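To start, the structure itself, in structure tokens.
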Amino acid sequence: MAVSSGLTNFAQALNAEQLAAVTAPDGPLFVLAAAGTGKTRTLVYRVAYLVQQGVDARRILLLTFTNRAAREMLARAQILVGEQVGGLWGGTFHHLANRMLRRYAPLLNFGADFTILDHDDSISLIKDLITELKLGGKQFPKAEVLLSLLSGAVNRRQALDAAVQRYFEKHPIDPEDALRVFARYQQKKRAQNAMDFDDLIINGLQLLKEHPGVLAHYQEQFRYVLVDEYQDTNPIQADWVDLLAQRHRNLLVVGDDFQSIYAWRGADYRNIMTFPQRYADTRIFKLETNYRSTPEILAVANRCIAGNPHQFQKVLRATRPAHHKPVLVSVADGAHQARYVIGQLVYLRNAGRAWRDMVVLYRAHYHALELQMELTRARIPFTVVSGVRFFEQAHVKDVLSLLRILHNPGDELAFARFLSLLPGVSSRTAAKVWRSLGGRWTAGNAKARSAVAGLLPKAARAVWQTLLPIFETYESLLRKEPAEIIAQFSKIFYDEYLLDTFDDYERRQEDLAEVMEFMAGFASTDDFLNEVALVTNLDAEGDRLAGNAQDSLRLSTVHQAKGLEWNVVFVLWLADGLFPSSRAMLESGEDAEERRLFYVAVTRAKDELFLCAPAMRRALNGGIQFLEPSRFVKELPPDCLRQEKTDFL
DNA sequence: ATAGGCTCTGTTTTT
DNA sequence: CAGAGCCTAT
């Protein structure tokens, strides 16, 4: 139900800085929002404000960093002004691109039912191509390397041949070979009617640039464009935004250059730095009043970021009363660190904190393995915001491959994956079958079904026959009850396959139950398949965590903690080389982004912050490596922190 | 096609 | 040291 109480409502809920931004008149707006200053709140209220002013929600575009963020903001805006917010377009760039391309892909000579290749799919495709082009061999770069090279060039809008030249300077192989792989990769994707993550963005932009009618349509539709986390957009995404907002120029970007942590993925903080120049009539709003953290935590945050080059000057102003200083914990090694953290967790929990009020953050997933074991032993419930994405796990992809071949008869990757599940069928056999079928297979066609049977080795053929009931009946199920297809498949074949193949068979089965549940949230199987590649852990995680609000400790990388907050924050492995990561510094030649990452970690904390600095770790070869405390800790004035030197147990 | 042994490599962040 | 990926023998 709509609440119509005019502006007073907003004035009560917002501070002066926020209110000014929320109620600003039309035109380009730039909200520079430091951590914990109510950035999300401002966006939510802006949406609510617009709707209350009579703007049709369908004419508002809200671009966010995760789909979950969009959903959350939408839900919050709905509480403010009611159902009318429902028609708003919200989500990630990939999500928006997908939505546009589903409609207009034919203009780019793709079918509208194109498949989205996730990271794994892209890798296996490139692997196949390396083999096909006979380029294997141990000095030839791995598919992983090639893909990240390609993606890096694409997202930074660098010429591919130059990027390849540069990369292979130190390699004894011919850069032309890499370019051949890339060329073939593009061809293959087209032939399979497939796009990878980067293609979505690139093709989406191409669609707008080359088809004035389409561009005009969306420019007209989106009277208001709001962009969250603008500091993490890459040049292509920035173009998207500029193009879409060109007509109405009601563009609101929100961000914080201090929190730009995706340069490695092509994000360019210059987008945010130069925004006021690119839009000369921009109104600038600075949010600096922090409601989240204690003054002691903010002091650390302000100090750590102060020396970073090229940034908008801003200082977090505290509103909360003094509490105690963040703790710098010197520990001997990983084991000691785990024991210390667990000791503190238990203490804080006994003092009244819930597990969910606390988080352990780290630079890289493997930094937390040791702690995970100790937490298990201590019977502390925890949830890892995992490195392996839920929908990229082998068993999930196996099952989805069935839906994919039923849905898209040209989906070679899915077909090969599915067939390889059968006994005695490897990727080679699968490829051969696919070729004999002429690169297309329709499950609903009886001839096609027996053609496959004829091409399979004996053992596989027997299993294939047992699967026929699924292929004979899927068509109505696909529309009405796609989960039932998975259930049948499990019963006939896949349960047993799981049991034979994996030792953690039960967990995987539970995952599949979750997949079925998740599917129920989509209007159709098409929608589900068309978007599942874009669903991130966090998207799914948020739902799951919200659903059964079990109380558990969260473990997360700093990257995945972006935008979130906890009462108590532990940061692990603050040692030079680990955090900041030496690899990252080697790649970029500087430590500015790592420092921003540290800043993000620090500013997640509301009440208490523990910075753990181990003195040594097990080295790569089994020996011991001594560590220097992280430069980010050493740079801080000593009186910012309470030093805790624990006994080396 | 697959199992098992051997060698090499080397721990980043993710839409 | 561990895990991945390659090679070889069946």
Side-chain angles (χ1 to χ4, degrees), chain A residues 63-70 91-98 116-120 122 127 131 136-140 142-145 147-148 151-152 154-155 195-202 204 229 232-234 236-237 260-267 361-370 385-389 391-392 420 422-430 432 456-460 531-539 556-562 573 577-588 593-594 596-598 600-601 617-625:
Chain A
L63 288 163
T64 53
F65 200 75
T66 63
N67 292 310
R68 186 198 51 151
T92 60
F93 282 93
H94 289 87
H95 178 81
L96 175 68
N98 184 36
I116 299 173
L117 304 184
D118 66 23
H119 184 254
D120 268 6
S122 300
K127 265 189 196 152
T131 316
K138 53 177 186 272
Q139 21 187 344
F140 198 75
K142 301 259 176 299
E144 286 275 359
V145 175
L147 184 63
S148 83
S151 182
V154 163
N155 282 300
M195 301 188 198
D196 65 18
F197 286 142
D198 296 333
D199 292 333
L200 287 173
I201 302 293
I202 297 291
E229 309 276 12
D232 283 321
T233 52
N234 67 30
I236 297 163
Q237 293 168 326
S260 163
I261 54 175
Y262 282 88
W264 52 274
R265 203 173 81 182
L361 301 179
Y362 36 83
R363 177 66 180 86
H365 286 293
Y366 77 93
H367 291 171
L369 294 180
E370 200 168 14
V385 180
S386 152
V388 187
R389 295 181 45 201
F391 289 96
E392 287 189 9
S420 306
L422 306 179
V425 179
S426 70
S427 56
R428 275 187 60 183
T429 313
K432 218 167 71 194
L456 289 174
K458 211 194 280 163
E531 282 194 31
V532 73
L534 300 179
V535 177
T536 64
N537 266 342
L538 279 174
D539 297 339
S556 166
T557 61
V558 182
H559 280 92
Q560 289 185 311
K562 176 166 142 175
W573 288 111
L578 298 179
F579 195 171
S581 144
S582 44
R583 268 198 140 212
M585 290 190 293
L586 193 68
E587 216 161 84
S588 66
E593 176 147 315
E594 294 290 299
R596 292 192 292 265
L597 198 56
F598 178 66
V600 169
R617 68 160 174 166
R618 278 225 309 280
L620 316 160
N621 51 16
I624 285 178
Q625 181 191 4

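Nothing here was measured: the structure is a model prediction, and the numbers come from that model. Naming convention: chains lettered A, B, ... in sequence-line order (proteins, then strands); numbering from 1 in each chain.
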Identify all pairs in which a protein N or O lies below 3.5 Å from an N or O of nucleotides 6-10 of chain C, and state each distance.
none

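- Evaluation of atom-type donor-acceptor distances gives no pair under 3.5 Å for the side chain of Arg583(A) against the base of dT12(B).
- Between Gln237(A) and Leu63(A), every side-chain heavy-atom pair lies at or beyond the 4.5 Å cut-off.
- Rounded to the nearest Å, the gap between the C1' atom of dA4(C) and that of dT11(B) is 12 Å.
- Here the side chain of Trp573(A) pairs a donor or acceptor atom with the backbone of His367(A) at under 3.5 angstrom.
- Of all nucleotides listed (dT15(B), dT14(B), dT12(B)), dT15(B) comes nearest to the side chain of His94(A).
- Between dA1(B) and Thr429(A), a contact under 4.0 Å exists linking OP1 or OP2 to a side-chain N or O.
- When the nucleotides dT11(B), dT13(B), dT15(B) are ranked by their closest atom to the side chain of Thr92(A), dT15(B) comes out on top.
- Counting non-hydrogen atoms under 4.0 angstrom, Tyr262(A) reaches the backbone sugars and phosphates but no base.
- For Glu587(A), taking side-chain heavy atoms from C-beta onward, the closest of the listed nucleotides dT12(B), dA1(B), dT14(B) is dT12(B).
- With sequence neighbours excluded, no residue forms a ring-ring contact (aromatic ring centres under 6.0 Å, His included) with Phe579(A).
- Residues forming a side-chain hydrogen bond (donor to acceptor under 3.5 Å, both in side chains) with Thr233(A) (at least two apart in sequence, or on another chain): Asn271(A).
- For the atom pair CG of Asp196(A) and OG of Ser122(A), the computed distance is 4.5 Å after rounding to the nearest 0.5 Å.
- Remark: P of dT15(B) and CD1 of Ile236(A) are 17 Å apart, rounded to the nearest angstrom.
- dG3(C) and dT12(B) have their P atoms separated by 15 Å, with the value rounded to a whole Å.
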